[in-house]
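Sequence positions, counted from 1, serve as the residue numbers for this chain. Keep in mind the model is a prediction, meaning the values are calculated, not measured.
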Amino acid sequence: KYFAPRTEQVRRETFEQSKAYRQGTEQELSSMQFQYEQAGPEHKAALRSIILRRAVDVDWELPAHLRQFINQLRNE
């Protein structure tokens, strides 16, 4: 039981560095971008907040279109 928290942390860090996790995150952000672009003004503020919170967890280089989109949201 003593090593369980450390083992879980290593397992999570390994998963977050995996190709599947990164691809899934990029796909999710792309989907959110599409939803944002289709949303009315009343929903854009909520989506913006969700997208920016999700993007904070990304510690790798995103594709150019996603980087531009997220930077645009940060500057709004």
Side-chain angles (χ1 to χ4, degrees):
K1 289 185 179 185
Y2 176 78
F3 293 106
R6 176 71 181 141
T7 302
E8 179 58 26
Q9 179 182 355
V10 169
R11 189 187 69 75
R12 179 165 178 77
E13 288 172 1
T14 301
F15 171 71
E16 289 178 350
Q17 294 171 3
S18 72
K19 184 176 180 179
Y21 176 78
R22 290 175 181 223
Q23 287 177 336
T25 300
E26 291 172 9
Q27 191 171 35
E28 180 182 25
L29 287 170
S30 290
S31 175
M32 288 179 177
Q33 178 183 10
F34 179 76
Q35 291 174 8
Y36 181 85
E37 291 168 354
Q38 302 299 315
E42 66 280 357
H43 293 110
K44 283 191 175 187
L47 285 169
R48 178 182 176 274
S49 175
I50 293 167
I51 293 166
L52 290 176
R53 267 189 272 133
R54 187 68 176 104
V56 167
D57 294 334
V58 175
D59 63 351
W60 65 89
E61 183 97 6
L62 288 170
H65 75 282
L66 286 175
R67 279 196 320 267
Q68 290 171 349
F69 173 64
I70 291 167
N71 286 335
Q72 171 195 334
L73 291 181
R74 287 181 178 141
N75 294 326
E76 286 182 358

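- Judged as a side-chain hydrogen bond (donor to acceptor under 3.5 Å, both in side chains), and not counting sequence neighbours, Gln68 has no contacts.
- Thr25 pairs with exactly one of Val58, Asp57, Leu66 by the side chain to side chain contact (heavy atoms under 4.5 Å, CB included) rule, that one being Val58.
- Residues forming a side-chain hydrogen bond (donor to acceptor under 3.5 Å, both in side chains) with Arg67 (at least two apart in sequence, or on another chain): Glu61.
- With sequence neighbours left out, Glu42 forms a side-chain contact (heavy atoms from CB on, under 4.5 Å) with no residue at all.
- Looking at residues two or more places apart in sequence or on another chain, you find no side-chain hydrogen bond (donor to acceptor under 3.5 Å, both in side chains) involving Gln27.
- For the atom pair Arg48 CZ and Gln72 CD, the distance stands at 10.0 Å (nearest 0.5 Å).
- Qualifying side-chain contact (heavy atoms from CB on, under 4.5 Å) partners for Ala45, counting only residues two or more places apart in sequence or in other chains: none.
- Residues satisfying the side-chain contact (heavy atoms from CB on, under 4.5 Å) criterion with His65, sequence neighbours excluded, are Ser30, Gln33, Pro63.
- Taking hydrophobic clusters as Ile, Leu, Val, Met, Phe, Trp and Tyr residues chained together by side-chain heavy-atom distances below 4.5 Å, Leu52 shares a cluster with Trp60.
- For Tyr36 against Ile51, the heavy-atom pair with the smallest separation is CB-CD1, 4.1 Å.
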| message | Please evaluate residues Glu76 and Leu73 with respect to the criterion side-chain contact (heavy atoms from CB on, under 4.5 Å), reporting the C-alpha separation (whole Å), side-chain torsions for both, the decisive distance (0.1 Å), and the verdict. | response | CA-CA 5 Å; Glu76 286 182 358; Leu73 291 181; 4.0 Å; yes
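- Judged as a side-chain hydrogen bond (donor to acceptor under 3.5 Å, both in side chains), and not counting sequence neighbours, Gln35 has no contacts.
- For the atom pair CD1 (Ile70) and CG (Asn75), the distance works out to 12.0 Å, reported to the nearest 0.5 Å.
- Residue pairs that meet the salt bridge (charged side-chain N to carboxylate O under 4.0 Å, His left out) test with at least one member in residues 30-40, sequence neighbours left out, do not exist here.
- Residues forming a side-chain contact (heavy atoms from CB on, under 4.5 Å) with Ser49 (at least two apart in sequence, or on another chain): Arg53.
- Partners of Glu26 by salt bridge (charged side-chain N to carboxylate O under 4.0 Å, His left out), not counting sequence neighbours: none found.
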